[in-house]
Amino acid sequence: MSSQLGTREELPADYLDELEAMSVTPLWPSLRQVLPYDQPIRATRPFKWSYRKVRPYLMRAGELTPMEKAERRVLVLANPGLGIDSMRATPSIYVGLQLILPGETAPCHRHTPTAVRFVVEGNGGYTVVEGEKLPMEKGDLILTPSGMWHDHGHEGDGPVVWLDALDLPTVHYLEASYCIEGEVFPPSNLPDASQTRYRRAGLVPFQSLGQKQGRYPLCRYPWTEVRAALFDLAAHTAMGEIVQLAYVNPETGEECLPILGFSAQMLRPGEEVEPVRRSASSVMHVIEGEGETEIDGETLTWVESDTASIPTHAQVRHRNRSTSKPAFLFHVDDAPLHRKLGFYEEFASR
Ligand code: GTQ
């Protein structure tokens, strides 16, 4: 380790002024801010948003702001450690709760950021991605990859709410975030690809081997199937070992999307698990159940539909508080980006 580094105060004022006039700055006084020892400096706080608390304000937004004035009626879950205006739950993950009321439509657009939706409550919502109509039932994961036209609608009764997760912070940071408005695609009458082309793991349409689709092949992952698959995995996994399934591209087996990754985890009644400490940041959303998550020594308690931020490099422990019912968590992380950038890491427990 190098010895104590020099500070700005040790430098002559005229020297610093002349550097600044040239838009030049010395590195060494700030070096440890950008290259700290052993672990990154993390502004992101372990933080939980209670759905019970936020929901009334989302419903109020439904009264205060018509869809024409919102385009997307969303309350953004902004991590207090990152500054509420930066609209980030973690350095790379944007999440918001979107409300759509019966009969409403959210206009068709496409944008450079990639979005996914995870349905929180209500029936009858749908997203159309370039003509493919994707039903949105509680727990379903719906993908709208970068550049694909999409609009939302609601044909049922009562409010429909979903959690949006976007890679917006990274795309915006790159000064590459923008959106184009378009005409609504006429939805096809066909069921979505999760019900037709990709019914089971390990099976893909034969023709797809010869000619990959230009577009992302599967934009809906129904919760009923993910939940059943978690039960089957749990039946053959020792207690205390992690029961978690990653959502992947059925044609390549790789992560669905370039920046953010998605997975679903089951905690059996009374179970406590400690996932491996990882370099990636994440957001967890409670699909079902009640419990608590300890993040770097801070305990967040949670119930159904709550959402929480987990900083990079955090030590995490999840506990299902119920001794009779399973709990299910949906996770969004930025591991795909870390892997692409070559610095994804998992650490042995301390
Ligand atoms: O539904 O397309 O939360 O464009 C933020 C930006 C949702 C959407 C958000 C968006 C959308």
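Ligands are counted one by one from 1 in listed order, and the atoms in each one are counted from 1 as well.
For Glu292 and Arg321, the salt-bridge test passes: some basic side-chain N is under 4.0 Å from an acidic carboxylate O. Salt-bridge annotation for Arg339 and Glu255: present, with a side-chain N of the basic residue lying under 4.0 Å from a carboxylate O of the acidic one.
Each of Arg72, Val74, Tyr94, Gln98, His109, His111, Arg117, His150, His152, Asp164, Leu166 has a non-hydrogen atom positioned under 4.0 Å from some atom of ligand 1.
Donor-acceptor pairing under 3.5 Å is lacking for the side chains of His152 and His150.
Clustering of Ile, Leu, Val, Met, Phe, Trp and Tyr side chains at separations under 4.5 Å places Val76 together with Val74, Met87, Tyr94, Leu166, Leu168.
Among residues two or more places apart in sequence or in another chain, the salt bridge (Lys or Arg N to Asp or Glu O under 4.0 Å) test is passed with Asp140 by Arg220. Residues passing the side chain to side chain contact (heavy atoms under 4.5 Å, CB included) test with Arg199 are Glu225, sequence neighbours excluded.
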